[in-house]
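Everything on this sheet refers to the single structure shown next.
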2 protein chains.
Amino acid sequence: MSIDVGAHLRAVRQMYGLSQRELAKRAGVTNGMISLIEQNRVSPSVSSLKKVLDGIPMSLSEFFTLDLAQAPQVFFGSDELTNLGSDDVSLRLVAARRPNRAMSILHECYAPGADTGEEMLTHKGEEGGVVVRGTMELTVGGSSRVLQPGEAYYFSSSVPHRFRNPGREECEIISASTPPTF
Amino acid sequence: MSIDVGAHLRAVRQMYGLSQRELAKRAGVTNGMISLIEQNRVSPSVSSLKKVLDGIPMSLSEFFTLDLAQAPQVFFGSDELTNLGSDDVSLRLVAARRPNRAMSILHECYAPGADTGEEMLTHKGEEGGVVVRGTMELTVGGSSRVLQPGEAYYFSSSVPHRFRNPGREECEIISASTPPTF
DNA sequence: AGAAATCGTTGATGATTTTAAACACGGAGG
DNA sequence: CCTCCGTGTTTAAAATCATCAACGATTTCT
């Protein structure tokens, strides 16, 4: 069970201070329809839902991505980052326990020679980051490059990729990925 | 005109190597319906579209957020980051020209005393980051804190916020925000 | 208090979607 | 050649959604 479209629409509408009739008028649909949708007595067609959201206005993407229940921690001490790494790779996640995050932000440390494993990684979403200290060899699809401090990367995570620290020094990077990998 | 649901579903389905019948079977709907949706001869109800996507599987949120047209630059030299800052605040953006990015990743440098301006910032989305060097005073809503190197933050950008470098040293942070601010 | 306005809900009808079953096309193998 | 799969597409009937108009409840103003 994922999203309750009816309750969600109601919450969004009220958050924008609109009545069913007011929204219906802006959207060019009937108020009754909005009532039925909000009670989950019908499941609107995508085109109808789009018309309704246009009246707010809000995109379908925003609607399905938006999460209301949020009143979360903002500041994180260095020791409040959640450590997810193994022996030679430290992955420290910001806001780990925040439900329905849009991103994973990580403070990563790779020991000399450390890597993300034999197999190339493939998953949904996008990721990017900046090298802060040391050097990082990144392979994405066919191409590969050793990034120096201050250099950066950004790619679609569905393309097979792999990280490796080729240097004798520890490598530190700050990265972000969306939707959240961790 | 936003998204072409039919074409989009077709692209997603093919990306996962599924036939209409195969997907229909997994989703518990008929193959004909998928055909009609993909030709935009009908606009599916949200519940139907959800059933179809469950067969992939993919969430409604992902479906409406995902963008296909992508074959972009992966690696960025330090000098290939796009500088957006003013005199005392340097904002260097990763993958600036990539269309339909899901995130903005920034390498930011604040001169001593520099800030994001008198007014509190408010916009859609979420943002987070890690302090790499120097100190950063961050105010979010009512609360405020001075973050040290290695410390981090994450919050909803719709809450009024402000950054200021209170130290005598330059402050360097890596940040990410979604949807992209820049 | 009473009238007027606004709210969300409901029932019958017309419009649209969804199903089930058949169709047409193309490639693989006997 | 020709049947057997596998595609995706199409059609009529069944199911669901969207509209229109009316309803009861609540608030606002006279």
(Q) Can you tell me how far apart CD1 (Ile34(A)) and CZ (Arg21(A)) are? Round to the nearest 0.5 Å. (A) 10.5 Å
Q. Between Ser90(A) and Glu108(A), does any side-chain donor sit less than 3.5 Å from a side-chain acceptor?
A. no
Q | Whole angstrom value for the distance that separates C1' of dT17(C) from CG of Leu49(B) | A | 13 Å
Q. What's the CD1-P distance between Ile34(B) and dT9(D), to the nearest Å?
A. 11 Å
Q) Can you check whether Ser45(B) has a side-chain N or O nearer than 4.0 Å to OP1 or OP2 of dT18(C)? A) yes
Q | Asp115(B) side chain to Asn165(B) side chain, donor-acceptor N/O pair below 3.5 angstrom | A | no
Q: For the pair Asn40(B) (side chain) and Gly6(B) (backbone), establish whether a donor and an acceptor sit closer than 3.5 Å, ignoring hydrogens and angles.
A: yes
Q: Name every residue in residues 51-58 of chain B that has at least one heavy atom under 4.0 Å from any atom of DNA chain D, in order of residue number, or write none if there are no such residues.
A: none
Q) Reckon Arg13(A) has a side-chain N or O less than 4.0 Å from the OP1 or OP2 of dC7(C)? A) no
For nucleotides 10-13 of chain C, list the nitrogen or oxygen atoms of the protein found under 3.5 Å from its nitrogen or oxygen atoms, one pair per line.
unit_1: dT10(C); atom_1: OP2; unit_2: Gln39(A); atom_2: OE1; d: 2.8
unit_1: dT10(C); atom_1: OP2; unit_2: Arg41(A); atom_2: NH1; d: 2.6

**Q.** Gln20(B) side-chain N/O to dT7(D) phosphate OP1/OP2 under 4.0 Å
**A.** no
**Q.** salt_bridge(Glu38(B), Arg13(B)) N-O dist < 4.0 Å
**A.** yes
**Q.** Value rounded to 0.5 Å, distance of CZ in Arg10(A) from CG in Leu23(A)
**A.** 12.0 Å
Q | Whole-Å distance separating the CD atom of Glu38(B) from the P atom of dT9(D) | A | 7 Å
Q | Length of the CG-C1' vector between Leu23(A) and dC7(C), whole Å | A | 14 Å
**Q.** Plane angle bin for Phe63(B) and His8(B) - parallel if under 30°, tilted between 30 and 60°, otherwise perpendicular
**A.** perpendicular
Q: In whole angstrom, give the distance that lies between atom CG of Asn40(A) and atom P of dC17(D).
A: 11 Å
**Q.** Phosphate OP1/OP2 of dC20(D): any Thr30(A) side-chain N/O under 4.0 Å
**A.** no
(Q) Any side-chain to backbone donor/acceptor pair from Ser43(A) onto Ser47(B)? Under 3.5 Å, distance only. (A) yes
**Q.** Rounded interatomic separation in angstrom, taking CZ from Arg10(B) and P from dG8(D)
**A.** 8 Å
Q.
Working to the nearest 0.5 angstrom, can you tell me the gap between Thr135(A) OG1 and Leu147(A) CG?
A. 9.0 Å
Q | Euclidean distance, atom CG of residue Leu9(B) to atom P of dT18(C) [Å, nearest integer] | A | 12 Å
Q) Could you give the angle between the helix axes at the two ends of the helix from dA1(C)-dT30(D) to dG30(C)-dC1(D), with five pairs per end, rounded to 10 degrees? A) 10°
Q. To the nearest 0.5 Å, how far apart are CZ in Arg26(A) and CG in Asp54(A)?
A. 12.5 Å
Q. Hey, are the side chains of Phe163(A) and Met136(A) touching, using non-hydrogen atoms and a 4.5 Å cut-off?
A. yes
Q.
Testing the 3.5 Å rule here: is there a donor-acceptor pair between the side chains of Ser59(A) and Ser61(A)?
A. no
Q) Below 3.5 Å, does any donor atom in the side chain of Arg21(B) face an acceptor in the base of dG6(D), or the other way round? A) no
